[in-house]
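One structure is given below, encoded as structure tokens.
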Amino acid sequence: MFPILLFLFIVVPIIEIALFIQVGGFLGLWPTVSLVLVTAVVGASLVRSQGIATLLSVQNRLQQGELPAQQIVEGVMLAVAGVLLLTPGFMTDAMGMLALLPGPRAMLAKQLMKRVKVHGMAAGSGFSAGFGGSQDFHQGPFSRQDHNPFNSQGGDVFDGEYERKDAKDKRADSDDDDTPRLR
């Protein structure tokens with residue numbers, strides 16, 4: 001974990017500063033600043049449109065009864081791309097734009113899914129995830145299976161509320177009790 005944090009907080013800013021100096025020396029101050037601002041605005045609008053498309057894809061997969069694992073990973077990648085594009089710098093903008101393109105994003109999502117292991121819901125255990133070699137994304141609570149993990153007897157369970165109308169009506173009509181009432 002320490003090498004990752006070292007890279008993120010020390011190496012990346014040093015590279016970004018060096019790139020700012022190089023591009024600023026070539027283009028000048030104001031074109032460099034405007035280029036950084038334009039990439040942030042364009043990136044934010046692209047993240048929004050790609051995020052909506054990914055959300056619609058997640059909804060379609062859920063309606064079909066499938067677990068939208070790749071779409072969820074791509075949604076997280078879009079959020080990371082948005083952060084990278086809003087962070088001032090040319091290297092972070094390039095990495096963010098790469099994560100915005102559907103082809104590289106899908107390929108990266110598949111690689112991440114190969115490394116992450118997700119366990120479905122068992123009786124009361126909930127979900128768990130971790131990094132591993134197997135790919136259990138096609139199993140889980142959204143897969144079409146004939147058994148219900150919440151009910152071991154196989155019957156239908158209905159949950160609801162009720163109210164007795166006759167007892168309520170009797171209380172409203174009876175004036176023979178001695179409880180004080182506002183009228």
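The residues of the chain are indexed from 1 along the displayed sequence. All heavy atoms count here, side chains included; hydrogens, waters and symmetry mates do not.
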**Message:** Could you check whether any side-chain N or O of R105 sits under 3.5 Å from a backbone N or O of L100, counting only pairs where one atom can act as donor and the other as acceptor?
**Reply:** yes

**Prompt:** Are any non-hydrogen side-chain atoms of F90 and L35 less than 4.5 angstrom apart?
**Reply:** yes

**Prompt:** For P102 and Q50, which heavy atoms make the closest approach, and how far apart are they?
**Reply:** CG-OE1, 4.2 Å

**Message:** Rounded at 0.5 Å granularity, tell me how far CE in M113 sits from CD1 in I72.
**Reply:** 10.0 Å

**Asked** Taking a hydrophobic cluster as the set of Ile, Leu, Val, Met, Phe, Trp and Tyr residues connected by side-chain heavy atoms closer than 4.5 Å, whether directly or through intermediates, do L85 and V38 fall within one such cluster?
**Response** yes

**Asked** Hey, any chance V36 and L84 share a hydrophobic cluster, counting ILVMFWY side chains that come within less than 4.5 Å of each other, even indirectly?
**Response** yes

**Item:** Cluster link L29 to L37, ILVMFWY, side chain under 4.5 Å
**Value:** yes

**Complete:** Per side chain to side chain contact (heavy atoms under 4.5 Å, CB included), L112 is matched among M77, M107, Q70 by M77

**Request:** Report whether L19 and M95 are members of the same hydrophobic cluster (ILVMFWY, side-chain heavy atoms less than 4.5 Å apart, transitive linking).
**Result:** yes

**Complete:** Between the OG1 atom in T54 and the CD atom in Q59, the distance rounded to the nearest 0.5 Å is 11.5 Å

**Asked** Is there a chain of hydrophobic side chains (I, L, V, M, F, W, Y, each step under 4.5 Å between heavy atoms) that links V42 to L78?
**Response** yes

**Complete:** Nearest heavy-atom approach of A81 to G96 is CB-O, 3.6 Å

**Item:** Which atom of A106 lies closest to which atom of E74, heavy atoms considered
**Value:** CA-OE2, 3.5 Å

**Request:** Using modelled atom types only, decide if a donor and an acceptor are shared between the side chain of T92 and the backbone of T87 within a distance under 3.5 Å.
**Result:** yes

**Prompt:** Which pair of non-hydrogen atoms, one from T32 and one from G24, has the smallest distance, and what is that distance?
**Reply:** OG1-CA, 3.3 Å

**Asked** Can you name the residues that form a ring-ring contact (aromatic ring centres under 6.0 Å, His included) with F7, not counting sequence neighbours?
**Response** none

**Request:** Start with the C-alpha distance between N60 and E66, add both sets of side-chain angles, then the distance that settles side chain to side chain contact (heavy atoms under 4.5 Å, CB included), and finish with yes or no.
**Result:** CA-CA 9 Å; N60 287 338; E66 299 173 354; over 6 Å; no

**side chain to side chain contact (heavy atoms under 4.5 Å, CB included) evaluation trace for R61 with L67** = CA-CA 7 Å; R61 294 285 300 258; L67 182 64; over 6 Å; no

**Request:** Determine whether more than 12 heavy atoms belonging to other residues, nucleotides or ligands lie under 6.0 Å from atom CD of Q22.
**Result:** no

**Request:** State whether the side chain of S57 and the backbone N or O of A53 hold a donor-acceptor pair below 3.5 Å, judged by distance alone.
**Result:** no

